Amino acid sequence: MTENTANLFDVVQGRVHAACETLMASGALPAGIDLSRAMVEPTKDAAHGDMAANAAMVLAKDAGKKPRDLAEALAAILRGDDLIEKVEIAGPGFINLTLKHSAWFGALRNAIDAGDAYGCSTMGAREKVNVEYVSANPTGPMHVGHCRGAVFGDALATLLDVAGFDVTREYYINDAGAQVDVLARSAFLRYREALGENIGDIPEGLYPGDYLKPVGGALVAEYGSSLKDKPEAEWLPLVRAKAIEMMMLAIREDLAALNVRHDVFFSERSLVAKDKDQVADAIASLRKVGEIYEGRLPPPKGAPAEDWEDREQTLFRSTAFGDDVDRPLMKSDGSYTYFASDIAYHKSKFDRGFNQMIDVWGADHGGYIKRMAAAVKAISGGKAALDVKIVQLVKLLRAGEPVKMSKRSGEFVTLREVVDEVGRDAVRFMMLFRKNDAALDFDLAKVIEQSRDNAVFYVQYGHARGHSIFRMAREAFPDLPTDEAGRRAAAAKAPIEKLTDSAELALMRKIALYPRLIEAAAGAHEPHRIAFYLYDLSSEFHAHWTRGRDSPNLRFIIKDDPVLTDARLALVQGVVTVLACGLSLLGVEAPEEMR
RNA sequence: GCGCCGGUAGCUCAGCUGGAUAGAGCACCAGACUUCGAAUCUGGGGGUCAGGGGUUCGAAUCCCUUCCGGCGCGCCA
């Protein structure tokens with residue numbers, strides 16, 4: 001087994017497992033015992049050392065031994081390890097490990113050597129993952145509600161990429177349902193308006209926003225007045241296509257403003273292209289494995305359903321895969337339900353080689369998860385898995401007061417307005433500075449505040465402060481390198497073994513945690529963990545900086561000691577590297593100066 | 001009625017897939033600028049992890065149950 005040397009926790013865990021195997025060889029442990037639950041974790045309390053191993057407690061039952069006795073046997077082996085300074089047994093059987101300083105120096109060197117690539121992992125083994133996010137209907141500009149899913153999906157995709165997965169970022173364009181016909185009719189009104197007609201108020205049920213006026217103008221430019229007297233059946237496909245095209249263009253611009261990328265824009269309409277009906281194919285393949293039947297559904301309970309009509313229909317047996325009720329695939333007019341299209345779409349993902357799919361949805365779609373996960377299991381024969389990440393609502397505030405929005409009148413706050421007002425970095429970071437399934441208050445006044453209370457600023461300032469130290473150091477020592485590559489080369493040669501202050505070592509421990517964090521966050525599909533880590537790292541860095549006020553010997557720059565200064569600049573280089581890596585992963589700028 | 005997601009300090013939230021004495025920020029109180037950026041930092045008080053059962057060496061975390069809030073519940077997407 002090769003050690004992943006980038007992750008110190010893996011290395012030490014490997015040593016603990018090796019110790020277990022030594023005990024197996026000597027008969028002190030049963031051979032072939034399962035070690036997968038024996039983990040090495042960072043300690044919360046420094047009094048417990050650097051890392052804690054739970055092996056003795058986890059294996060005690062299978063071994064038929066008392067945890068503390070087993071711990072003692074393991075400790076005896078681990079005490080000879082070249083990375084380990086001290087082994088103590090505590091509590092119910094924890095093996096507390098204190099590492100030698102050289103272990104932390106090695107971790108710091110790793111970070112400096114890796115640079116931009118620090119934290120990159122091979123855990124994904126290049127497995128293909130499809131992440132679908134945003135997928136906003138092409139019926140208007142993006143509003144703030146779309147923001148969170150967009151940023152979350154984008155950051156999650158980057159996180160998985162960094163963790164070694166082969167990631168495809170995808171957007172599903174809902175361009176086939178009834179709502180794009182409504183869009184077309186709304187755009188047609190604007191077309192008549194552009195031709196000089198007085199259209200009066202926009203009728204109920206059509207999209208009232210001004211954003212369709214340019215579509216009207218474009219239609220005039222392209223078709224003149226030729227559409228005006230045609231029957232709807234003739235103009236609708238033309239108007240619809242133009243409107244969708246222009247809406248998608250606007251949406252892509254909005255996404256670009258937020259720094260959100262996609263590799264694939266997948267059209268729902270393309271599923272039912274003239275020569276090939278992929279929805280029918282998907283249903284047929286489910287029918288082949290016996291998961292489709294004609295039957296009746298009980299009426300929905302509780303919810304008002306005056307127009308409920310009991311009838312026999314085509315159903316997918318989603319209850320066989322954990323859903324609460326079987327789901328219809330055809331509407332009463334003979335067209336496919338949205339669910340049927342979605343099955344075909346996810347089958348397309350599977351057919352394109354994705355066994356891991358992640359969909360990012362808004363909270364209002366939560367009730368849809370079970371049936372979609374059921375469908376993915378069914379169409380893949382159990383080979384593919386779908387993880388649906390729900391992002392909760394964002395409440396937009398200004399200095400604590402809710403920002404009024406009225407969708408009915410077409411006056412909603414657009415994504416673009418928010419980005420223009422507070423900047424993309426603030427929007428992105430704050431959307432990620434919360435667990436995805438918890439509701440989020442987004443205060444337009446707070447995110448531009450320059451204080452610790454504003455996490456974006458606080459983290460970026462940490463990065464800028466590091467670079468400020470580099471600038472000041474160059475004034476004291478003009479020979480120091482001026483660029484990133486030079487600093488990395490110098491840091492790699494620096495005598496970092498001179499760094500023995502406890503706060504300096506604490507920073508190295510924090511830096512050493514980053515690769516482990518990436519793997520944990522990627523495994524859990526939780527990019528917010530990166531944001532919180534960066535906040536913590538910044539906090540430790542700011543705190544250590546301030547120690548230099550009371551204790552000048554702890555400053556990074558020691559004017560009469562260029563060698564010690566080199567060592568400390570290497571530590572700053574390590575901190576700056578991790579902050580830059582983490583911010584880049586979240587899609588947020590890492591400024592070198594913020595004055 | 002059923003399902004999903006939440007309930008952690010006065011407020012806003014973390015809690016690393018079951019670890020040791022539950023942590024930050026804000027607010028409140030008391031401090032630190034001739035200084036590598038005070039746009040920062042140090043210290044203090046503040047908790048029945050909604051309530052109650054259970055699982056085990058060990059539970060905020062897993063299971064059951066009650067209460068409260070949000071969302072959803074053929075032919076919208």
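Nothing here was measured: the structure is a model prediction, and the numbers come from that model. Order of the sequence lines sets the chain letters (A, B, ...), proteins ahead of strands, with each chain counted from 1.
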Any donor-acceptor N/O pair under 3.5 Å between A14(B) base and His528(A) side chain:
no
Can you check the distance between A24(B) and G44(B), where both ends of the measurement are the P atom (answer in whole Å)?
10 Å
So, OP1 or OP2 of C5(B): does either fall under 4.0 Å of a side-chain N or O from Tyr368(A)?
no
Under 4.0 angstrom, heavy atoms only, what part of the nucleic acid is Ala464(A) near: base, sugar-phosphate, or nothing?
base
OP1 or OP2 of G15(B) under 4.0 Å from side-chain N/O of Lys435(A):
yes
Do the side-chain N and O atoms of Asp50(A) and Thr98(A) include a donor-acceptor pair separated by under 3.5 angstrom?
no
Of Asp364(A) and Ser332(A), whose nearest nucleotide on RNA chain B comes first from the 5' end?
Asp364(A)
Students often get this wrong, so: under 4.0 angstrom with heavy atoms, is Met330(A) touching a base, only sugar-phosphate, or nothing?
nothing
Would you mind pulling out the nucleotide paired to C71(B), Watson-Crick or G-U wobble, both distances under 3.5 Å?
G3(B)
How long is the line joining CG of Leu397(A) and C1' of C11(B), in whole Å?
13 Å
Select one nucleotide: of C5(B), U40(B), A14(B), the one nearest the side-chain heavy atoms of Asp437(A).
C5(B)
Whole angstroms only, please: what is the CZ-P distance between Arg296(A) and G74(B)?
17 Å
Side chain of Tyr458(A), heavy atoms from C-beta onward: which of C36(B), U40(B), A77(B) has the nearest atom to it?
U40(B)
Would you mind checking if Lys349(A) and Asp359(A) are paired as a salt bridge, meaning a charged N to carboxylate O distance below 4.0 Å?
yes
Can you tell me, in whole Å, how much space there is between the C1' of G25(B) and that of U8(B)?
15 Å
Looking at Lys65(A), does any N or O in its side chain come under 4.0 Å of the phosphate oxygens OP1/OP2 on C57(B)?
no
Say you pick atom P in G18(B) and the same atom in C36(B); how far apart are they, in whole Å?
48 Å
Taking Ala445(A)'s backbone N and O only, do any of them form a donor-acceptor pair with Asp443(A)'s side chain (distance below 3.5 Å, no angle check)?
yes
Tyr293(A) and Phe316(A) aromatic centres sub-6.0 Å:
no
So Gln313(A), base contact, sugar-phosphate only, or nothing? Heavy-atom distance under 4.0 Å.
base
Decide whether Ser451(A) and Asp453(A) meet the rule of one side-chain donor and one side-chain acceptor closer than 3.5 Å.
no
In whole Å, what is the span from the CD1 atom of Ile530(A) to the C1' atom of A14(B)?
14 Å
If I take atom CG in residue Leu513(A) and atom P in nucleotide G15(B), what distance separates them, rounded to the nearest angstrom?
14 Å
Whole-Å P distance, C4(B) and C62(B):
14 Å
Provide, to the nearest angstrom, the distance between the CG atom belonging to Leu159(A) and the P atom belonging to C16(B).
16 Å
Whole-angstrom distance between C76(B) and C63(B), as gauged at atom C1'
37 Å
Under 3.5 Å for both donor-acceptor distances, Watson-Crick or wobble: does U34(B) have a partner, and if so which one?
none
Does the structure show a Watson-Crick or G-U wobble partner for A20(B), both distances under 3.5 Å? Name it, or say none.
none
Roughly, in whole Å, what's the span from CZ in Phe442(A) to C1' in U12(B)?
15 Å
Between U56(B), C36(B), A77(B), which nucleotide gets closest to the side-chain atoms of Lys61(A)?
U56(B)
Out of U12(B), C5(B), A77(B), whichever nucleotide has its closest atom nearest the side chain of Gln392(A):
C5(B)
Testing C13(B), G72(B), A77(B) for proximity to the side chain of Asp441(A), the answer is C13(B)
Taken to the nearest whole Å, CD/Glu592(A) to P/G37(B) is 14 Å
For Glu540(A), is the CD atom crowded, meaning more than 12 foreign heavy atoms sit under 6.0 Å from it?
yes
Whole angstrom value for the distance that separates C1' of C36(B) from CD of Gln573(A):
16 Å
Please tell me which of the listed nucleotides, U12(B), G37(B), C36(B), lies nearest to the side chain of Glu593(A)?
G37(B)
Given the P atoms of C16(B) and G7(B), what is the spacing between them in whole Å?
12 Å
Which listed nucleotide (U40(B), C36(B), A14(B)) is nearest to the side chain of Arg434(A)?
A14(B)
What distance, rounded to whole Å, do you find between the two P atoms, one in C73(B) and one in A77(B)?
13 Å
Checking N1-N3 plus N6-O4 or O6-N4 for Watson-Crick, or N1-O2 and O6-N3 for wobble, each under 3.5 Å, the partner of U56(B) is none
Using the purine O4'-C1'-N9-C4 or pyrimidine O4'-C1'-N1-C2 torsion, is C28(B) syn (within 90° of 0) or anti?
anti
With rounding to whole Å, what would you report as the distance between G69(B) and A32(B) at their P atoms?
48 Å
The residue, Leu440(A) or Asn137(A), whose nearest nucleotide of RNA chain B is more 5′ is Leu440(A)
Measure from the side-chain N and O atoms of Ser267(A) to the backbone N and O of Ile173(A), and report whether any donor-acceptor pair falls under 3.5 Å.
no
Would you classify Gly366(A) as touching base, sugar-phosphate or nothing, given that sugar-phosphate means primed atoms plus P, OP1 and OP2, and contacts are heavy atoms under 4.0 Å?
nothing
Any side-chain donor near an acceptor of the partner, Gln179(A) and Thr139(A), under 3.5 Å:
no
Can you tell me if Glu593(A) and Ser468(A) form a side-chain donor-acceptor pair at under 3.5 Å?
no
Across all strands, who's sitting opposite C26(B) as a Watson-Crick or G-U wobble pair, both distances under 3.5 Å?
G10(B)
Residues Ser538(A) and Arg465(A): side-chain donor-acceptor under 3.5 angstrom
no
Does the separation of the ring centres of His542(A) and Tyr458(A) fall below 6.0 angstrom?
yes
Within the 4.0 Å heavy-atom criterion, would you say Ile557(A) contacts the bases, only the backbone, or no part of the nucleic acid?
base
One character per nucleotide, please: for nucleotides 17-34 of chain B, 5' to 3', B when the base has a protein heavy atom closer than 4.0 Å, S when only the sugar-phosphate does, - otherwise.
B-BB---SSS--------
